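Presented below is the structure to which this report refers.
Order of listing sets the numbers, starting from 1, for every ligand and every atom in it. Predicted model, so just to flag it, every value in this text is computed and none were measured. Quick note: numbers below take in every heavy atom, side chains included, and nothing from hydrogens, waters or symmetry partners.
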Amino acid sequence: MSDSIKLSFAKFPAAPAGIVVLLAAEGVTLGAAAESFLVPAGDLLTRAAAAERFEGKSGSALDLLAPAGLAVQRLIVAGVGKAAELKAFDWLKLGGSVMGRLPSAAKDVAVVLALPGIEVSADAAAEFALGMRLRAYSFDRYKTKKKPDEQAAKPKVTLFVADEAAAKRAWKKREGVGEGVVLARDLVNEPANVLTPPEFADRTEALKKVGVDVEVLGEKELRKLGMRALLGVGQGSEQESRVVVMRWNGSKSDDAPVAFIGKGVVFDTGGISIKQAAGMEDMKGDMAGAACVVGLMHALASRKAKVNAVGLIGIVENMPDGNAQRPGDIVTSMSGQTIEIINTDAEGRLVLGDVLWYAKERFKPRFMVDLATLTGAIMVALGTEHAGLFSNDDLLSTRLAEAGLATGEKVWRMPLSPEYDKLVDSKFADMKNTGGRFGGSITAAQFLQRFVGEVPWAHLDIAGVGMSSPSTDFNRSWGSGWGVRLLDHMVAEHYED
Ligand code: BES
Ligand code: MN
Ligand code: ZN
């Protein structure tokens, strides 16, 4: 992982130096380990809290420099609110907000994970660590002139916990998920002149190191398979298209795999139906769905998830050269169904239609979940808080919604129905690639449903959450890595041995 902090765990009692972070619950009450650390400082905390009107509320903090009586540079007391009510997602946010409060020149940081009335579990500590890691991420590889504080050495962060061995074990599992999120963010942030389709495919080969089987299909193989809908999108680009199949077999059984499919348009100009100039640079992130699938496969494999999983991504560049696809063209998809191209900018569904069909035919999966920055319309409907969820399966939908609430990567179910389906019927072919002015995210999903047969399937439209979404305590990156934690959680809850 592009590592910006060095994390480790140690056991109470804490005798740290440098910068020390303590947690305080509502009423400025502390856990025993924090209390005993503060003994030499007398009533410092009481007086400082009164002066700052610090009450230990969630999100608030006290920041004291060279505190009298303590041999430390700086003491930060972070409020957590009601200690007994903290959930995993709260610990993630807390880790992120503590990371955000550290000065950029921080070298040696100790966090005492103790609270009054509760035992801070190993899982909570690991979630806190994950929050710190994700907040510390920054994509700065193209900044040649770093400011002095950006060049500062990676801070060494020690988390003091009750059970060091248990916390280390919990972090070992969580760290892989963090790496998966960071990997997804890196891919989304990377510009399209660097992350061409062949380069994207090459980068997935790194997953072999964690035990994922990686198979790259080039244009010759895709033509042989009949993926003309996908190939039609890429034909206006100098860059060749690719499909990557990633397999992780972590289950003892040879059960059918769960399948994740991602839209990987490395750049979406719109093609001949070209987009306007303003904001077009954001279309380097039109592969956020594919990035999530790669990050998820990394996460599952590195925490050795007891599940059989496949990840398939369709990687193309949508460009308008002399060989580009035209409005009015008719292409035959791998499924045999024909598609009239109305708008070359509705390209994601063309890519996914072929990859969904291929995933279904080859792997007979238990379910398929696809992720795609598919429509601007989903942002009009749901903004940047929820991804749109479309599904033919209530159980899968419920599980995704629950995982969304647990991880903070929230989804909101949208409708599918025969009436909407009719809107993608075509005058000249089996279907067309746009559905008219209204319900644009729904007609896009209806198009996809024509390629999934009877397989339980869910489509996540992540145009509003995959990139350029508002910053949070644990994310300051343009590419958010959205979906890795969500899907990892759902797999862990329901689909492992
Ligand atoms: N990649 C875009 C959707 C998108 C827009 C993602 C903004 C993230 C931010 C997609 O390929 C697209 O262009 N969709 C069109 C569909 C339309 C032509 C039917 C759209 O949403 O306008
Ligand atoms: Mn488009
Ligand atoms: Zn697109």
- Item | Aromatic F139 / basic R476 pairing, under 6.0 angstrom, 45° off normal | no
Using a strict cut-off of 4.0 Å, indicate which atoms of ligand 1 neighbour a heavy atom of [X].
| X | result |
| --- | --- |
| N343 | 18 (C) |
| M467 | 8 (C) |
| T434 | 19 (C) |
| M283 | 1 (N), 5 (C), 6 (C), 7 (C), 8 (C), 9 (C) |
| T373 | 1 (N), 2 (C), 3 (C), 6 (C) |
| A463 | 6 (C), 8 (C) |
| T375 | 3 (C), 21 (O) |

- Testing V243, L231, L230 for side-chain contact (heavy atoms from CB on, under 4.5 Å) with E219, which one passes? L231
- Message: If we check side-chain contact (heavy atoms from CB on, under 4.5 Å) with R362, which of these qualifies: L225, L312, V245?
- Response: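 Answer to the side-chain contact (heavy atoms from CB on, under 4.5 Å) test with R362 among L225, L312, V245: V245.
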Can you find an N or O of [X] that's nearer than 3.5 Å to an N or O of ligand 1?
| X | value |
| --- | --- |
| D286 | yes |
| K275 | yes |
| K263 | yes |
| E347 | yes |

Please write down residue, atom name and distance for the protein heavy atom closest to [atom].
| atom | result |
| --- | --- |
| atom 20 (C) of ligand 1 | G376 N, 3.9 Å |
| atom 2 (C) of ligand 1 | D268 OD2, 3.6 Å |
| atom 17 (C) of ligand 1 | A346 CB, 4.4 Å |
| atom 16 (C) of ligand 1 | R349 NH2, 3.9 Å |
| atom 7 (C) of ligand 1 | M379 CE, 3.4 Å |

- Closest to atom 13 (O) of ligand 1 (heavy atoms only, candidates V351, I342, D345) is D345
Consider only side-chain N and O atoms of [X] and [Y], and report whether a donor and an acceptor are under 3.5 Å apart.
| X | Y | value |
| --- | --- | --- |
| T434 | N343 | no |
| Q337 | S335 | yes |
| S417 | E419 | yes |
| D255 | N308 | no |
| W457 | D393 | no |

- To the nearest 0.5 Å, tell me how far L460 CG sits from I261 CD1.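 Reported value, rounded in 0.5 Å steps: 11.0 Å.
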- Item | Straight-line distance of M414 CE to S441 OG, nearest 0.5 Å |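 If I round to the nearest 0.5 Å, the distance is 5.5 Å.
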- Item | Option from W478, Y137, Y142 for which side chain to side chain donor-acceptor pair (under 3.5 Å) with N189 holds |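 Going through W478, Y137, Y142 one by one, the side chain to side chain donor-acceptor pair (under 3.5 Å) with N189 is satisfied by Y137 alone.
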- Message: Within the structure, is a non-hydrogen atom of L374 found at a distance of less than 4.0 Å from ligand 1?
- Response: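 L374: in contact with ligand 1 (<4.0 Å).
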- Is there side-chain contact between W171 and L130, with heavy atoms separated by less than 4.5 Å?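 The answer is yes, as the side chains (C-beta and beyond) meet within the 4.5 Å cut-off.
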- Output yes when a side-chain donor or acceptor of E175 lies under 3.5 Å from a complementary backbone atom of K172, and no otherwise. no
- Looking only at atom types and distance, does a side-chain atom of R242 sit under 3.5 Å from a main-chain N or O of P197, one as donor and one as acceptor?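 It does not hold such a pair.
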- May I have the step-by-step check of salt bridge (charged side-chain N to carboxylate O under 4.0 Å, His left out) for D354 and R228, ending in yes or no? CA-CA 8 Å; D354 271 341; R228 305 270 162 188; over 6 Å; no
- Query: Hey, mind stepping through K263 and D461 against salt bridge (charged side-chain N to carboxylate O under 4.0 Å, His left out) and telling me if it holds?
  - Reply: CA-CA 10 Å; K263 169 179 174 180; D461 193 334; over 6 Å; no
- Intermediate values then yes/no, side chain to side chain contact (heavy atoms under 4.5 Å, CB included), M280 and F267: CA-CA 9 Å; M280 205 203 273; F267 196 79; 3.8 Å; yes
- Mind listing the protein N/O/S atoms less than 2.8 Å away from the Zn ion (ligand 3)? Waters don't count.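 Hits for the Zn ion (ligand 3) below 2.8 Å: K263 NZ, D268 OD2, D286 OD2, E347 OE2.
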- Nearest atoms (heavy-atom pairs only) where F367 meets M490: CZ-CE, 3.7 Å
- Work out how many protein N, O or S atoms lie closer to the Mn ion (ligand 2) than 2.8 Å.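 Considering protein N, O and S only, the Mn ion (ligand 2) has 4 within range.
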